[in-house]
Amino acid sequence: MSKLKTNSGAAKRFKVKKSGKVKFARAFARHCMLSKNGKTNRRLRGNGHLEKQDANKVKQLFPYGAN
């Protein structure tokens with residue numbers, strides 16, 4: 001039987017950690033940052049982790065677990 005393919009779009013956007021959590025980068029943090037207020041800019045810093053329900057859906061796109 002052939003190998004299963006990882007969803008390439010998900011591979012670019014998510015990282016499955018050893019703990020099972022799914023890490024992602026925040027959207028809307030690439031340009032036009034001066035027009036956003038400071039509170040928004042602080043919230044967009046760094047990475048986030050998906051909630052458990054959403055993480056389970058994303059993990060289905062990675063047939064061999066952590067990428």
Side-chain angles (χ1 to χ4, degrees):
M1 192 168 126
S2 62
K3 295 180 181 178
L4 297 173
K5 289 188 176 182
T6 297
N7 182 294
S8 61
K12 295 171 191 174
R13 291 167 174 81
F14 302 106
K15 172 97 175 170
V16 180
K17 309 297 281 183
K18 282 187 178 181
S19 64
K21 292 183 178 181
V22 179
K23 186 171 84 169
F24 69 97
R26 301 266 177 208
F28 306 107
R30 297 292 178 263
H31 56 85
C32 299
M33 301 306 287
L34 291 176
S35 62
K36 299 178 175 108
N37 61 27
K39 183 177 181 180
T40 302
N41 287 336
R42 285 192 300 276
R43 186 180 59 81
L44 294 174
R45 269 187 215 143
N47 300 311
H49 292 89
L50 290 179
E51 295 294 329
K52 187 177 178 184
Q53 299 87 345
D54 297 327
N56 289 337
K57 290 182 180 181
V58 170
K59 285 181 200 173
Q60 292 174 358
L61 304 175
F62 296 100
Y64 298 108
N67 50 346

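All values below were derived from every heavy atom in this structure, side-chain atoms included, with hydrogens, water molecules and symmetry-related copies excluded. Nothing here was measured: the structure is a model prediction, and the numbers come from that model.
Under the 3.5 Å distance criterion, the side-chain polar atoms of Tyr64 are matched with a main-chain donor or acceptor of Leu4.
With sequence neighbours left out, Asn47 forms a side-chain hydrogen bond (donor to acceptor under 3.5 Å, both in side chains) with no residue at all.
Between Ala29 and Leu44 the shortest heavy-atom distance is CB-CB, 3.8 Å. The two atoms that bring Phe28 and Met33 nearest to each other are O-SD, 4.1 Å, heavy atoms only. In this structure, Lys17 and Lys23 approach most closely via the heavy-atom pair NZ-NZ, 4.2 Å.
To the nearest 0.5 Å, the span separating NZ on Lys59 from NZ on Lys52 amounts to 8.5 Å. Between the CZ atom of Arg43 and the CG atom of Asn37 there is a distance of 9.5 Å, given to the nearest 0.5 Å.
For Lys36, the NZ atom is densely surrounded, since the number of other residues' heavy atoms within 6.0 Å is greater than 12.
One hydrophobic cluster, built from ILVMFWY side chains closer than 4.5 Å, cannot hold both Val22 and Leu61; they sit in different ones.
Phe24 is not listed as a side-chain neighbour of Val58, based on a closest heavy-atom distance of 4.5 Å or more.
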